[in-house]
Student: 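Okay, here's the structure, questions in a sec.
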Amino acid sequence: MTGNILLPKAGRRPDSLRMKDINFQKDFPSLTIDQIRDLAAAAREIFGSNLSRAQFADRLLMFLEDVPGCESGKASSSLIESAWVKYTDLCRDGIY
């Protein structure tokens, strides 16, 4: 005898798993200042030091697209802003 187990329709995830996806981004702690500086330094090393703000944001989003919580351009505007500030500081000071 088998139990009455309801399976989701093909291509649909159970509601409990969809809710986990919605809250997935909240499970990660914010980056530290050092991590943001390292991210900005990596962007400078890979993409150069002459990016405009818009170019930097586009390339940072591209760089982060494989990072959970940041795919599809979901990186927070505060992360982009913080990384931009560090990027311009590094470019101005010639660090890294």
Side-chain angles (χ1 to χ4, degrees):
M1 182 172 158
T2 62
N4 292 333
I5 299 174
L6 297 176
L7 297 175
K9 293 180 181 178
R12 292 203 56 200
R13 300 181 71 190
D15 287 338
S16 62
L17 292 178
R18 284 193 307 241
M19 290 304 295
K20 284 183 181 178
D21 285 346
I22 291 168
N23 293 318
F24 187 67
Q25 198 169 7
K26 296 177 187 174
D27 294 338
F28 292 97
S30 298
L31 295 179
T32 66
I33 296 296
D34 289 338
Q35 290 170 323
I36 293 171
R37 186 194 67 237
D38 292 345
L39 182 60
R44 181 177 181 256
E45 184 177 322
I46 294 167
F47 302 116
S49 60
N50 295 319
L51 298 176
S52 70
R53 186 183 194 117
Q55 290 171 323
F56 176 81
D58 288 342
R59 285 179 177 79
L60 183 64
L61 290 172
M62 181 183 69
F63 189 65
L64 294 174
E65 68 184 8
D66 292 330
V67 176
C70 294
E71 63 276 331
S72 303
K74 293 180 185 175
S76 73
S77 58
S78 62
L79 172 60
I80 294 169
E81 178 64 26
S82 297
W84 170 252
V85 169
K86 292 297 180 189
Y87 172 80
T88 57
D89 289 347
L90 292 170
C91 293
R92 181 192 65 228
D93 298 339
I95 300 172
Y96 286 86

Student: Tell me every residue that passes ring pair (Phe, Tyr, Trp, His ring centres under 6.0 Å) with Phe56, counting only those two or more places apart in sequence or in another chain.
Tutor: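 If we apply the ring pair (Phe, Tyr, Trp, His ring centres under 6.0 Å) test to Phe56, skipping adjacent residues, the hits are Trp84, Tyr87.
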Student: Kindly indicate, with the supporting measurements, whether the criterion side-chain contact (heavy atoms from CB on, under 4.5 Å) is fulfilled by Ile36 and Val85.
Tutor: CA-CA 10 Å; Ile36 293 171; Val85 169; over 6 Å; no
Student: For Ser49 and Cys91, work out which heavy atoms get closest and say how close.
Tutor: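 Minimum heavy-atom contact is CB-SG, 3.4 Å.
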Student: Which heavy atom of Ile80 sits nearest a heavy atom of Ala57, and at what distance?
Tutor: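 Of all heavy-atom pairs spanning Ile80 and Ala57, the closest is CG2-CB, 3.9 Å.
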Student: With Glu45, which residues qualify under salt bridge (charged side-chain N to carboxylate O under 4.0 Å, His left out), at least two apart?
Tutor: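 Listed in chain order: nothing, the list is empty.
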Student: Listed by chain and number, what are the side-chain contact (heavy atoms from CB on, under 4.5 Å) partners of Asp34, not counting sequence neighbours?
Tutor: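 With neighbours one apart ignored, the set is Thr32, Arg37.
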Student: Run the side-chain contact (heavy atoms from CB on, under 4.5 Å) check on Asp58 and Leu51 step by step: do they pass?
Tutor: CA-CA 10 Å; Asp58 288 342; Leu51 298 176; over 6 Å; no
Student: Using the test side-chain contact (heavy atoms from CB on, under 4.5 Å), find all partners of Ser52 that sit at least two apart in sequence or belong to another chain.
Tutor: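 Only Ala54, Gln55 meet the side-chain contact (heavy atoms from CB on, under 4.5 Å) criterion with Ser52.
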Student: Which value, rounded to the nearest 0.5 Å, describes the distance between Gln35 atom CD and Leu79 atom CG?
Tutor: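 The CG atom of Leu79 is 10.5 Å from CD of Gln35, to the nearest 0.5 Å.
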Student: Would you please name every residue forming a salt bridge (charged side-chain N to carboxylate O under 4.0 Å, His left out) with Arg59, sequence neighbours left out?
Tutor: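 Arg59 satisfies salt bridge (charged side-chain N to carboxylate O under 4.0 Å, His left out) with no other residue.
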Student: What do the steps show when you test Ile33 against Lys86 for side-chain contact (heavy atoms from CB on, under 4.5 Å), and what is the final call?
Tutor: CA-CA 9 Å; Ile33 296 296; Lys86 292 297 180 189; 3.8 Å; yes
Student: In Å, rounded to the nearest 0.5 Å, how long is the span from CG of Leu39 to CG of Leu60?
Tutor: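 Spacing of CG (Leu39) from CG (Leu60) equals 5.0 Å.
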